[in-house]
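Notes for the one structure printed next.
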Amino acid sequence: MTSNYFFDTMPRIIGHRGAKGLAPENTLASFKAAASAGAKSIEIDVTVTKDDKTVIHHDTNLNRCTNGDGPVLLNNFEAVRALDAGSWFAPEFSAEKIPTLAEALELTSELGMSLNLEVKPVDGWQIPTADIVGQQLKDDLPKDYPMLISSFSEEALVRTGHYVPHIPLGYLTDAIPPDWERRLIDTGAASLHVYHPFVTREIVQKVQAAGYKFLVYTVNDEDTATRLLDWNVDAIITDFPDRLGRLV
Ligand code: G3P
Ligand code: MG
């Protein structure tokens, strides 16, 4: 039986990659910025290095958000850890590193925020990524930690979930598949996470009537957020938890 502890405490506004609009995404500075902006929950992306370490990073490649080059998956942790993950955003963040999953868990807990952990495998590496992340969560996650695991990869989602069956799963998608209900049943997901242009009032009602939570990403515009909140979506994931936090 999946615990709904994450959902019991889920705020309607969740910071994206920490607070992507306020600090370099998926860094400890970004998690702190989200907390300072009033966020009670954040979404972050987890992937793995060549030597099977879990790190918090969105892209397949290191290039956009660090001074490194090439896939995270082709670099050992030591090399990934040596990179500057903040200067690309602003010079004052030059000390930021790519965090480990353990650091992210510890800091979010310290800051009193719950966590939507998105498992982000490179295509083809879904199973190893899920096994490494899942095993670490099984070993290290405090029992009552308020977490939601999500993924665009059904394979990675289900497999990660097997390691921590008490943690709810979120099914990530851009457009909503016609057979969304079958997919939620098959994966055991408790929530559907949808790219905002594809959201209608009718689909929110249908999904919620079927017993699932409805989350929307990534919304930064206040008018769009106001409309979605009026449609009763359960939560909005945003780069600007400061700005959207004022709406609720
Ligand atoms: O989990 C919501 C959102 O983060 C999904 O898209 O590409 O930002 O990970 P992406
Ligand atoms: Mg994400």
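Atoms within each ligand, like the ligands themselves, are counted from 1 in listed order. Side chains are part of it too, since the values below use all heavy atoms of this structure and drop only hydrogens, waters and symmetry mates.
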| query | Does Phe77 have any ring-ring contact (aromatic ring centres under 6.0 Å, His included) partners at least two apart in sequence or in another chain, and if so, which? | reply | none

| said: Are the side chains of Leu192 and Thr173 in contact, using a 4.5 Å heavy-atom criterion? | reply: yes

| field | Nearest-neighbour protein heavy atom for atom 7 (O) of ligand 1, which is reported as residue plus atom name and distance | value | His58 NE2, 2.7 Å

| So is Arg182 actually on top of Trp180's ring, under 6.0 Å and inside 45° of the axis? | no

| query | Do you know which two heavy atoms are closest between Thr47 and His57, and how far apart they sit? | reply | CG2-O, 4.0 Å

| Heavy-atom pair of closest approach, residues Phe6 and Ser114 | CE1-OG, 3.4 Å

| request: Would you mind listing which atoms of ligand 1 come within a distance below 4.0 Å of any non-hydrogen atom of Arg17? | output: 7 (O), 8 (O), 10 (P)

| For ligand 1, does Lys120 get within less than 4.0 Å through its side chain, its backbone, both, or neither, judged by non-hydrogen atoms? | side chain

| request: With the Mg ion (ligand 2) as the reference point, give the N/O/S atom of Glu118 that is nearest. | output: OE1

| task | Identify, for atom 6 (O) of ligand 1, the protein heavy atom at the shortest distance, and state residue, atom and that distance. | result | Phe152 CE1, 3.6 Å

| message | When you measure from the side chain of Asn63 to the backbone of Gly70, do you find a donor-acceptor pair of N or O atoms at a distance under 3.5 Å? | response | yes

| said: Check the orientation of Phe198 and Tyr195. Use parallel for under 30°, tilted for 30 to 60°, and perpendicular for over 60°. | reply: tilted

| field | Residues Glu25 and Arg64 bridged, charged N to O under 4.0 Å | value | yes

| message | Give the atom numbers and elements of ligand 1 that come within less than 4.0 Å of a heavy atom of Asp45. | response | 9 (O)

| Any N or O of Tyr217 that comes nearer than 3.5 Å to an N or O of ligand 1? | no

| task | Return the name of the atom in Asp45, of element N, O or S, nearest to the Mg ion (ligand 2). | result | OD1

| field | His193 near ligand 1 by a heavy-atom separation under 4.0 Å | value | no

| request: Give the atom name of whichever N/O/S atom in Glu43 sits closest to the Mg ion (ligand 2). | output: OE2

| request: Indicate yes or no: does Arg12 engage Asp234 in a salt bridge with an N to O separation below 4.0 Å. | output: no

| request: Using distance alone, determine whether Glu43 and ligand 1 share an N or O pair under 3.5 Å. | output: yes

| query | Has ligand 1 got any nitrogen or oxygen that is less than 3.5 angstrom from a nitrogen or oxygen of Ser150? | reply | no

| request: Examine ligand 1 and decide if any of its atoms is less than 4.0 Å from a heavy atom belonging to Tyr195. | output: no

